[in-house]
Every structure is written in structure tokens, then in C-alpha cells.
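Structure, as C-alpha cells:
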Amino acid sequence: MADEESQGAGPMPGHFLPGGAGDAPVDTAGTPMPPLQTARQELGLGKARPVRSTTDRSLRRGTPLPPDPLAAGGFGAPPSAPLPGAPVTPLKGTRQLGGARPVGWHSTSTRTGVPQFTAAPPPLKPPRRFSKPLIAVCSVLGLIALGGGAVASYKLIDNFDNTVENPLARPSVRPSEEPPAPAPPQPTVTVTVPTVPDAVRVQKNELYTAGKVPSVKCAEPAVRPTTQANVLKYYQALLPCLNKAWAPLVRKSHYEFRAPRLVLYSKSLPSACSGESDTAFYCPTDETISMRWQQDVKNYKIDNESTRVDMMDTLAHEYGHHVQQLTNILISADSREGWAKTQAAKLEESRRVELQANCLGAAFLGANKVSLGIKGNKLRAWEYMTKHSGDEYNPKKVRDHGSRKNQWVWSGSSFKTTNPASCNTFTAPSAKVS
């Protein structure tokens with residue numbers, strides 16, 4: 001009963017420990033078998049034994065390092081001196097040529113120049129010195145800059161003071177980028193000049209009261225007019241004398257003086273006017289005198305002295321037309337001719353113009369007869385040509401230049417007086433301009 005109770009109860013303490021009831025083997029029927037006799041190891045610690053290594057014993061101890069030669073003298077010290085009498089081994093295996101180099105304590109150092117280490121301080125460079133002119137220039141520039149700065153500061157302060165005193169003097173608003181509106185056009189003022197009647201201008205021109213033609217002391221050109229080029233040179237040399245003589249009289253008459261152009265006539269040369277085929281002419285449109293050179297060359301071969309006089313007289317006559325143009329006599333005379341109702345009246349107006357041009361030319365020649373050499377044979381030649389020229393010698397028989405008689409009346413008189421007052425043909429009766 002007790003066994004049954006014991007069987008029905010739980011395992012006792014230590015049942016499953018080694019050697020306990022639970023540790024015994026059982027058979028197939030569940031009957032416990034006797035315990036097996038096995039060797040057990042003690043649970044306590046055994047005797048301590050050293051740990052052995054498998055490393056080769058020959059490697060246990062290292063070979064001692066050779067002594068450091070530098071260690072004896074300390075860091076950075078030179079190597080210890082060799083023993084006296086010790087052999088010196090030359091350096092080998094280097095790239096230096098020429099054998100061994102004597103180095104070491106046994107040889108003298110070959111270093112030259114400044115020593116590598118020295119207790120003396122390095123030499124100081126002398127301070128840089130500037131030239132006195134450079135210092136003076138720099139001083140002047142400095143004074144100028146200082147003065148300019150002072151002036152600018154004064155102007156800035158003065159401007160600031162003005163702004164403070166007059167805050168409305170300058171706008172604080174940024175001006176517009178748009179262009180300003182154009183100013184309104186100024187009213188046109190028309191000055192009406194009183195019209196001078198043509199009759200007044202030709203009859204009462206101030207040229208008649210300007211005085212005598214001055215002597216400009218011009219000599220006759222020494223050029224021989226044997227070729228076209230020489231003829232042009234002759235006239236070009238004489239033209240400045242006429243300009244110099246007439247310029248003061250034109251200005252005294254309150255007109256502007258302009259020198260005329262001078263050309264030799266050629267069919268290929270464009271001109272604003274057309275003249276007769278064998279004579280010289282003046283063109284008021286472009287104020288040009290056109291001279292004929294072929295007849296001058298031909299006449300010079302026959303009589304050189306008379307030809308020279310004729311060339312001077314012809315150029316003086318054409319220049320007389322230029323004086324008429326400058327003083328507005330010519331334009332008024334052309335207007336009068338245009339308004340004339342009959343051909344006879346038109347021709348009479350033309351004769352007044354031509355006779356006046358002859359008269360003005362003779363006044364210039366008379367004023368400069370000494371310097372031009374118009375004396376003796378030259379004077380007699382001029383008088384003969386003047387008395388034997390006129391409409392009677394015109395092959396076309398057109399009476400537009402005046403008769404031979406009137407040619408001498410006007411030219412002979414002004415040659416003596418040298419005054420344009422003797423040349424007012426527009427107040428003369430018709431008989432003296434026939």
C-alpha cells in the first residue's frame with residue numbers, strides 16, 4: 001500500500017541527478033536496471049600547466065640592433081670622430097666622377113662664401129634715396145591735388161548751403177526721360193527794302209561819287225603772247241592789278257567786291273553766256289571774262305607793241321562790265337533794255353552800257369599809264385585804236401557799241417580824269433551815245 005502510494009506520488013528530490021533513482025536505466029518492461037560502472041571526472045579544477053607555443057625556438061630571441069652612432073652625441077650632433085690612425089674608406093657607388101672625395105673629420109671643409117650658420121645679423125640694405133627733382137614734382141602734384149580737393153569741397157559745401165537756403169531752387173522729382181516739347185516757331189519778320197528804280201540806279205549810282213581810280217603801280221606783264229598758254233599767263237598777270245584798283249571804289253559805293261573769273265574761250269568750255277565769235281565778252285551770270293587768244297597770237301606776229309596795248313585795253317573794257325555788275329548798273333540797264341518798246345530804244349540802252357564800260361576801262365589805263373608803260377608809241381597806238389573803233393567797223397552793221405566819234409569822247413575824257421564820274425552815260429543825251 002505504501003508502495004502504491006509511493007508509486008502514485010511524484011519523484012523525490014534528486015531523482016534526476018546523476019546517481020539518483022531517475023538516472024538508473026530500465027528495461028522494456030519498465031523494471032530499473034542496476035547502474036553501470038563508468039568512470040566519472042571530477043568536477044574540481046585540475047593542476048595548472050603552462051601554455052606552450054608551436055613557434056620555432058630559434059626565432060624567440062631577436063638579434064640586438066647595432067648601436068646608433070648618433071645616439072652617443074645626441075640629436076643633430078655630428079658623428080663621433082674616428083680613432084686616430086684608422087683607415088679611411090673612400091665612398092663608392094655614387095654618381096660623382098673623378099674618384100673619391102675627401103670628406104669627414106680628417107679633411108678641411110671646402111665651403112666658401114657666406115658661412116651657413118653665423119651669429120652676426122645679415123647686412124642691411126641702404127635705404128632708397130629719391131632725386132630732388134622727383135621729390136619736387138611729387139610735392140607740386142600733391143599740393144595741386146590738395147588744392148583741387150579743397151576747391152571741390154568748398155563748391156560742394158556752397159552748393160549744399162544754397163540747397164538748404166533755397167530748397168525749392170532745385171526739383172526733388174526726377175526729370176522725365178521724354179524729350180522736351182519743341183519750341184513754337186518764331187514769327188517770320190519780313191523786312192521790305194524800298195525798291196530802287198532802274199533809272200535811279202543807273203543815273204545816280206554811288207560809283208560816280210566814289211573818287212578817282214587809284215594807281216596800283218602794276219607793270220605790264222613781260223610774257224610774250226606767242227602761244228595760247230602765254231596769252232593766258234599775260235591776262236592772269238594783269239587781272240590782279242584791276243582787282244586791286246577797283247576793289248576800294250566798289251566798296252566805297254557800298255557794294256560787295258568779288259573778283260571775276262578769267263578763261264580763254266573754247267567751244268568745248270561750258271559757259272552760261274555766248275559771245276561773238278571773234279571778240280572777248282563778259283558773262284554776268286557767272287561773272288566770268290572770256291578772252292580770245294587766236295587773234296592775239298596772230299596780231300603779235302604783225303605788231304607786238306600795238307598788240308600788247310590792244311590786250312590791255314580789251315581786258316580793261318571787259319572788267320568795266322564786271323564793275324557794272326557789282327554796282328547793279330548792269331542788271332538795271334538790262335531791265336531798262338527789256339522794257340524798251342522799240343528796237344532803236346533797246347540799241348541805245350546797249351550803247352550806253354558799252355560806252356560806259358569803255359570809259360571805265362580808259363580810267364584804269366589813265367590812272368596806271370606810268371607803271372603800265374603807256375607812253376610814246378604805246379600811247380599813240382592806244383589813241384589810234386580808240387578813235388578807229390566803233391559800230392562803223394562792225395561787219396554786221398549793228399549799232400550796239402557806239403560810233404567811232406563817241407568812243408573817243410568818253411574814253412579820251414576818262415583817260416585824263418581817271419574818275420568814274422566822267423562815265424555817266426545814262427544821263428547823257430542821245431547824241432553822245434549814238
>> Assess the residue pair Asp198 and Ser332 against the criterion (side chain to side chain donor-acceptor pair (under 3.5 Å)); give the C-alpha distance rounded to whole Å, side-chain angles, the decisive distance to 0.1 Å, and a yes or no.
In response: CA-CA 5 Å; Asp198 293 331; Ser332 293; 3.3 Å; yes

>> Below 30° counts as parallel, above 60° as perpendicular, anything between as tilted: where do the rings of His322 and Phe257 land?
In response: perpendicular

> Do Glu392 and Arg404 sit within salt-bridge range, that is, some charged N less than 4.0 Å from a carboxylate O?
Replying inline: no

>> For Lys375, I'd like to know if atom NZ has over 12 heavy atoms of other residues, nucleotides or ligands within 6.0 Å.
In response: no

> Between Gln407 and His401, is there a donor-acceptor pair closer than 3.5 Å when you use the side chain of the first and the backbone of the second?
Replying inline: yes

> Just checking, any donor-acceptor pair under 3.5 angstrom between side chains of Tyr234 and Asp296?
Replying inline: no

> Can a donor-acceptor pair be found between the side chains of Ser414 and Asn419 at a distance below 3.5 Å?
Replying inline: no

> When you check the gap from the basic side-chain N to the acidic O, do Lys378 and Glu220 get nearer than 4.0 Å?
Replying inline: yes

> Between the side chains of Glu354 and His321, is a donor N or O closer than 3.5 angstrom to an acceptor N or O?
Replying inline: yes

> Are Val231 and Met311 close enough that some pair of their side-chain heavy atoms sits under 4.5 Å apart?
Replying inline: yes

> Are there more than 12 heavy atoms of other residues, nucleotides or ligands under 6.0 Å from atom NZ of Lys346?
Replying inline: yes

> Is it true that Arg258 and Glu287 make a salt bridge, defined as a side-chain N closer than 4.0 Å to a carboxylate O?
Replying inline: yes

>> Can you confirm whether the side chains of Thr386 and Ser411 place a donor and an acceptor under 3.5 Å from each other?
In response: no

> Of all residues at least two apart in sequence or in a different chain, which pass the ring pair (Phe, Tyr, Trp, His ring centres under 6.0 Å) check with Tyr300?
Replying inline: none

>> Using the rule given for side-chain contact (heavy atoms from CB on, under 4.5 Å), can you reason through Gln356 versus Ile329, listing the C-alpha separation, both sets of side-chain angles and the distance that settles it, and then say yes or no?
In response: CA-CA 10 Å; Gln356 187 180 69; Ile329 293 177; 3.6 Å; yes

>> For Thr425 and Arg352: C-alpha separation, side-chain torsions, deciding distance, then whether side chain to side chain donor-acceptor pair (under 3.5 Å) applies.
In response: CA-CA 5 Å; Thr425 58; Arg352 293 182 186 273; 5.8 Å; no

> Do other residues, nucleotides or ligands put more than 12 heavy atoms under 6.0 Å from Ile331 CD1?
Replying inline: no

> Just by modelled atom types, is the Arg399 backbone N or O under 3.5 Å from a matching donor or acceptor in the Arg351 side chain?
Replying inline: yes

> Any side-chain donor-acceptor pair under 3.5 Å between Gln203 and Asn424?
Replying inline: no

> Side-chain donor-acceptor pair under 3.5 Å between Ser350 and Asp400, yes or no?
Replying inline: no

> Hey, mind stepping through Ser434 and Asn406 against side chain to side chain donor-acceptor pair (under 3.5 Å) and telling me if it holds?
Replying inline: CA-CA 7 Å; Ser434 60; Asn406 288 328; 3.0 Å; yes

>> Give me each pair satisfying ring pair (Phe, Tyr, Trp, His ring centres under 6.0 Å) with a member in residues 410-431, each pair once, sequence neighbours excluded.
In response: Trp382-Phe415

>> For Asp391 and Ser403, which I'm curious about, is there any donor-acceptor pair between the side chains at under 3.5 Å?
In response: no

> Can you list the steps and then say if Ser422 with Thr417 is a side chain to side chain donor-acceptor pair (under 3.5 Å)?
Replying inline: CA-CA 7 Å; Ser422 304; Thr417 63; 2.9 Å; yes

